[in-house]
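Below you'll find the structure, written out as structure tokens, and then a few comments.
Hydrogens, waters and symmetry mates are skipped; everything else that's a heavy atom, side chains included, is used. Proteins come first, then strands; the chains are lettered A, B, ... in the order of their sequence lines, and each starts at number 1.
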Amino acid sequence: KAGVTQTPRYLIKTRGQQVTLSCSPISGHRSVSWYQQTPGQGLQFLFEYFSETQRNKGNFPGRFSGRQFSNSRSEMNVSTLELGDSALYLCASSLVAFATTYNEQFFGPGTRLTVL
Amino acid sequence: EDKVVQSPLSLVVHEGDTVTLNCSYEVTNFRSLLWYKQEKKAPTFLFMLTSSGIEKKSGRLTSILDKKELFSILNITATQTGDSAIYLCAVSLKTSYDKVIFGPGTSLSVIP
């Protein structure tokens, strides 16, 4: 069974630009969660999508948005990039909505975003 | 403000030692506590704990939650070099918008 895939793996952008990251969950999984990981802030939860609806979200500004398609693939968009957005962005998939029932999350390899 | 604290932040032990990692939290609307292991790649889910006093076990790893005292421990017995990783504790909250808060992690190094 293929794992969670994320594209691209590495990305370099400049301030003010926007970026779209993609995540394909494990086949059959309907929940996709997004996380930002930086050395200073650690791992922080961005949001979770389940059945094309945003179910949960963390404390990030509106520049961070996402969506989920009918095939459960998810995209995350960051507009007006700032230097502080440089981070590893991880997505994780689970069978059903995460954090509401006991179920395991599987993480993808991440997208390393560098903002210059 | 909701927060998750882990201790120690880093730890070096010898193979065969037993280690205990600590996670304490101050949050409103607690739902569950989660443990992850992160090596050079993405985190790997270890346990989800929702009830006090119930031990979760997976091989040499054991975790328990105390909802009264607001902490959890992750115990690793007979450590191996492959246990070297960052161990992350997270708490999920049930609010109008559920969210997950991570602790800073404990960096464990197991030396031969």
Side-chain angles (χ1 to χ4, degrees), chain A residues 3-6 9-10 21 23-26 29 31-50 53-60 62 64-66 87-112, chain B residues 1-10 21 23 25 27-51 54-58 61 63 65 72 85-107:
Chain A
V4 179
T5 58
Q6 290 187 247
R9 294 293 309 279
Y10 302 92
L21 311 182
C23 172
S24 292
I26 291 172
H29 284 196
S31 165
V32 174
S33 297
W34 288 91
Y35 299 84
Q36 181 196 65
Q37 187 169 37
T38 60
Q41 297 293 325
L43 193 60
Q44 293 183 285
F45 172 72
L46 279 155
F47 31 64
E48 180 196 8
Y49 283 87
F50 178 72
T53 303
Q54 187 182 85
R55 282 186 55 89
N56 310 315
K57 86 180 181 183
N59 298 326
F60 277 80
F64 292 81
S65 63
L88 178 68
Y89 290 89
L90 295 162
C91 87
S93 81
S94 54
L95 267 174
V96 294
F98 176 65
T100 56
T101 59
Y102 173 76
N103 72 105
E104 190 171 351
Q105 266 195 332
F106 296 84
F107 281 80
T111 293
R112 172 75 61 186
Chain B
E1 185 185 339
D2 297 321
K3 65 178 180 181
V4 177
V5 177
Q6 290 185 250
S7 65
L9 292 182
S10 67
L21 310 183
C23 175
Y25 58 92
V27 302
T28 51
N29 299 307
F30 173 90
R31 180 190 298 278
S32 61
L33 186 141
L34 308 106
W35 283 97
Y36 296 86
K37 176 183 181 182
Q38 185 171 24
E39 297 166 270
K40 288 185 180 177
K41 45 192 177 175
T44 304
F45 176 90
L46 292 173
F47 299 112
M48 177 184 278
L49 301 150
T50 55
S51 303
I54 297 178
E55 241 181 30
K56 289 283 182 99
K57 286 194 171 196
S58 176
L61 275 64
S63 184
L65 172 67
S72 173
I86 295 173
Y87 289 84
L88 294 163
C89 169
V91 172
S92 89
L93 312 179
K94 40 179 184 188
T95 58
S96 54
Y97 263 116
D98 293 350
K99 60 181 184 179
V100 182
I101 302 172
F102 282 82
T106 293
S107 176

- Task: Please look at A:Leu43 and chain B and tell me whether the side chain, the backbone, both or neither of the residue comes under 4.5 angstrom of a heavy atom of that chain.
- Result: both
- Message: Rounded at 0.5 Å granularity, tell me how far CG in A:Leu90 sits from CD in B:Gln38.
- Response: 7.0 Å
- Heavy-atom distances under 4.5 Å only: say whether B:Pro43 touches chain A with side chain, backbone, both or neither. both
